[in-house]
Amino acid sequence: VKSCNYLMNHLTVNGKFDMAISIYHQLKKGGWSPNVFTYTILIKGYCGQKKLVEALDLLKEMIELGITPDDFTYATFIEGLCLHGGSDQGYMFLQQCREEGSPISTFCYNAVIRRFCDEMKLQNAEDVLHDMGRHGVRPDSYCYSSLIRGYCKTGDVQKAQALHDEMVSEGIKTNCFVVSSIIDSLCKTGLAEGAIDMFQEFKDSGLFLDQVAYNNVIDALCKMGKVEAALKFFNEMKSRMVPDTKNYTTLLNGYCLQGKLEDALSVFEEMLEMGLEPDSITYNVLAAGLSRNGFPLDAVRLLNDMENKGVKADSSTHSNIIKGLCGGGKVMEAKAFFDGLEEKGIDTN
RNA sequence: UCGAUAGUGUACACGUA
């Protein structure tokens, strides 16, 4: 049964839920009894297909069969309900289950909070956060993270920071996910200096800051034109961990923005030497840099090269190519390229 | 490790002024 569950789960998350169901039927035919995991996976699958009725039927069925759903099971169904029936409905269901004495853990509250945040109903999310405490379930960093990120999205970094303070004062450990959300939001609301201070502060406090956190400050510095400062952080990061494609792309962009093509190219080469695969964004950044700084046709060449290497072009690539061709005086080619896209049915918005 | 959840990089267009 364990192996079947494993397989069914993988099929489900890869969009082959029908196959998972047929495994389930074979399992039952073979006289095996599905367990809580099996049912939870199936409920997840039905929720993914918006088939909430079927999901709920399974929940009832397992109870009748004496297989007691646990908090994962409830969380899975609640999340589906939030997603397809609205978070208000999901929360109502949670409350109902809670009154019936079903196991409602932080995972369940988490789902509701996250979905309320996705709907930008931040006040509702916060109410749930405080409500769970009254029912004896301690919020964790995931709960706060969703909410903090929600406020970051609205640009209310103050509120986000207040929540972060609240979280820490509740004795919940912070981590680089939460911190980097705030750092990024500070950067993007023009408070990069504060962001960098915060970064240093947490680093000095011994908190592990990963590639994403580093990238937040590297990007902010690059966008301010302070590539040299960005490079310092980049090197510091390199001494602690392996930079990823996004880190290299960010720094590459920094050099391109300054028109420092030589440096940009050497970053690109270093990245290749490190064995990292540039993705379409890396290529787009470099191409835009080349184009903007007087080498439009090289940009076009680079992007063709990219497609030859099997990296898929996106709409940004296309507009870079068109711009490159126009900038290189090859307006007719640009038009031909554009028409070619339309013929292939590619959205040229 | 048989089941759930959070953060970062590119162009353009758009909307408000």
Side-chain angles (χ1 to χ4, degrees), chain A residues 1-10 12-13 20 34-45 47-48 69-80 82 105-115 117-118 140-150 152-153 160 175-185 187-188 209-220 222-223 230 243-254 256-257 278-289 291-292 299 303 313-324 347-349:
Chain A
V1 176
K2 278 191 191 183
S3 319
C4 284
N5 287 342
Y6 181 84
L7 186 57
M8 283 171 61
N9 188 43
H10 274 83
T12 303
V13 302
N35 62 16
V36 200
F37 292 75
T38 319
Y39 275 99
T40 306
I41 293 163
L42 289 172
I43 289 172
K44 179 172 70 174
C47 287
D70 63 11
D71 55 329
F72 274 56
T73 317
Y74 282 101
T76 303
F77 181 67
I78 289 170
E79 176 130 38
C82 288
S105 69
T106 162
F107 300 130
C108 306
Y109 287 101
N110 232 313
V112 174
I113 291 173
R114 190 173 54 252
R115 291 329 341 172
C117 289
D118 287 348
D140 62 7
S141 62
Y142 284 90
C143 296
Y144 275 97
S145 173
S146 301
L147 203 46
I148 287 171
R149 186 164 149 65
C152 285
K153 269 199 256 175
N175 59 40
C176 55
F177 286 87
V178 183
V179 169
S180 66
S181 292
I182 297 174
I183 289 178
D184 187 49
S185 179
C187 290
K188 289 175 181 157
L209 295 168
D210 65 2
Q211 288 94 334
V212 175
Y214 270 97
N215 213 38
N216 292 142
V217 302
I218 292 171
D219 187 45
C222 285
K223 299 237 160 90
D244 61 20
T245 299
K246 292 181 184 183
N247 296 132
Y248 275 102
T249 303
T250 304
L251 187 62
L252 183 60
N253 188 36
C256 287
L257 290 174
D279 61 14
S280 65
I281 299 186
T282 315
Y283 282 106
N284 288 336
V285 168
L286 184 55
S291 210
R292 233 185 288 121
L303 294 173
D314 58 18
S315 61
S316 171
T317 312
H318 297 141
S319 76
N320 274 327
I321 291 177
I322 292 171
K323 233 193 251 170
D347 185 16
T348 50
N349 68 341

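Each chain gets a letter, A, B and so on, in the order the sequences are listed, and its residues count up from 1.
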Sugar-phosphate only, base, or nothing, as touched by Ser146(A) at under 4.0 Å among non-hydrogen atoms: nothing
Side chain of Ser180(A) - closest among G7(B), U5(B), G9(B): G7(B)
Euclidean distance, atom CG of residue Asn284(A) to atom P of A13(B) [Å, nearest integer]: 15 Å
Sugar-phosphate only, base, or nothing, as touched by Asn247(A) at under 4.0 Å among non-hydrogen atoms: nothing
Nearest-angstrom distance from the residue atom CG of Asp314(A) to C1' of A11(B): 8 Å
From C12(B), A6(B), G3(B), nucleotide with atom closest to Ser319(A) side chain: C12(B)
Touch class at under 4.0 angstrom, heavy-atom based, for Cys176(A) against every strand present: base
Sugar-phosphate only, base, or nothing, as touched by Thr73(A) at under 4.0 Å among non-hydrogen atoms: base
Each stem that RNA chain B is part of, given as range with range (3 or more consecutive Watson-Crick or G-U pairs, under 3.5 Å): none
Chi angles and distances behind the side chain to side chain donor-acceptor pair (under 3.5 Å) call for Thr73(A), Asp70(A): CA-CA 5 Å; Thr73(A) 317; Asp70(A) 63 11; 2.9 Å; yes
Check: Asn284(A) side chain, Ser280(A) main-chain N or O, donor-acceptor pair, under 3.5 Å: yes
Nearest heavy-atom neighbours spanning Cys117(A) and Ser146(A): SG-O, 3.5 Å
Tabulated below should be each protein N or O lying under 3.5 Å from an N or O of nucleotides 14-17 of chain B; please produce it.
none

Backbone N/O of Ser181(A) and side chain of Ser185(A): donor-acceptor pair under 3.5 Å: no
For atom CG of Asn175(A) and atom C1' of U5(B), their distance in whole Å: 13 Å
A6(B) base stacked by Tyr142(A) (centroids within less than 5.5 Å, tilt under 30°): no
Heavy-atom donor-acceptor pair, Thr40(A) side-chain to G3(B) base, under 3.5 Å: yes
For atom CG of Asn35(A) and atom P of G3(B), their distance in whole Å: 11 Å
Sugar-phosphate only, base, or nothing, as touched by Asn110(A) at under 4.0 Å among non-hydrogen atoms: base
Sugar-phosphate only, base, or nothing, as touched by Ser145(A) at under 4.0 Å among non-hydrogen atoms: base
Side chain of Ser181(A) - closest among G9(B), G3(B), G7(B): G7(B)
Lys/Arg-Asp/Glu bridge criterion (N-O < 4.0 Å) met for Arg114(A), Asp118(A): no
CA sep, side-chain torsions, deciding dist, call: Asn253(A), Thr250(A), side chain to side chain donor-acceptor pair (under 3.5 Å): CA-CA 5 Å; Asn253(A) 188 36; Thr250(A) 304; over 6 Å; no
Side-chain donor/acceptor of Asp140(A) to backbone N/O of Cys143(A), under 3.5 Å: yes
Separation of atom OH in Tyr144(A) from atom C1' in G7(B), rounded to whole Å: 18 Å
Distance, rounded to the nearest Å, where Lys153(A) contributes NZ and U8(B) contributes P: 9 Å
From Asp184(A), Asn247(A), Thr249(A), Asp244(A), residue fulfilling side chain to side chain donor-acceptor pair (under 3.5 Å) relative to Asn215(A): Asn247(A)
Phosphate OP1/OP2 of G7(B): any Arg149(A) side-chain N/O under 4.0 Å: yes
Residue pair Val179(A) / Ile182(A), side-chain heavy-atom distance below 4.5 Å: no
Side-chain-base donor-acceptor pair under 3.5 Å for Asp70(A) and G3(B): yes
Residue pair Pro243(A) / Tyr248(A), side-chain heavy-atom distance below 4.5 Å: yes
Interatomic distance, Asn9(A) CG vs U1(B) P [rounded to whole Å]: 16 Å
Side chain of Lys2(A) - closest among G9(B), C2(B), A11(B): C2(B)
Shortest side-chain distance from Val285(A), nucleotide among A11(B), U8(B), U10(B): U10(B)
Sugar-phosphate, base or nothing in reach of Thr317(A), heavy atoms under 4.0 Å: nothing
Ile322(A) CD1 to C12(B) C1', straight-line distance once rounded to whole Å: 10 Å
side-chain N/O Lys44(A) vs C2(B) OP1/OP2, d < 4.0 Å: no
Donor-acceptor contact present, side-chain Asp210(A) to main-chain Ala213(A), <3.5 Å: yes
ring centroid sep under 5.5 Å plus plane angle under 30, Phe37(A) with C2(B): yes
Sugar-phosphate only, base, or nothing, as touched by Lys223(A) at under 4.0 Å among non-hydrogen atoms: sugar-phosphate
Touch class at under 4.0 angstrom, heavy-atom based, for Val212(A) against every strand present: base
Heavy-atom donor-acceptor pair, Thr250(A) side-chain to G9(B) base, under 3.5 Å: no
Sugar-phosphate only, base, or nothing, as touched by Ala213(A) at under 4.0 Å among non-hydrogen atoms: base
Out of G9(B), A11(B), U10(B), whichever nucleotide has its closest atom nearest the side chain of Thr245(A): G9(B)
Ile41(A) and its side chain to side chain contact (heavy atoms under 4.5 Å, CB included) partner, picked from Asn9(A), Val36(A), Val13(A): Asn9(A)
Ring-base stacking, Phe72(A) with G3(B) (5.5 Å, 30° cut-offs): yes
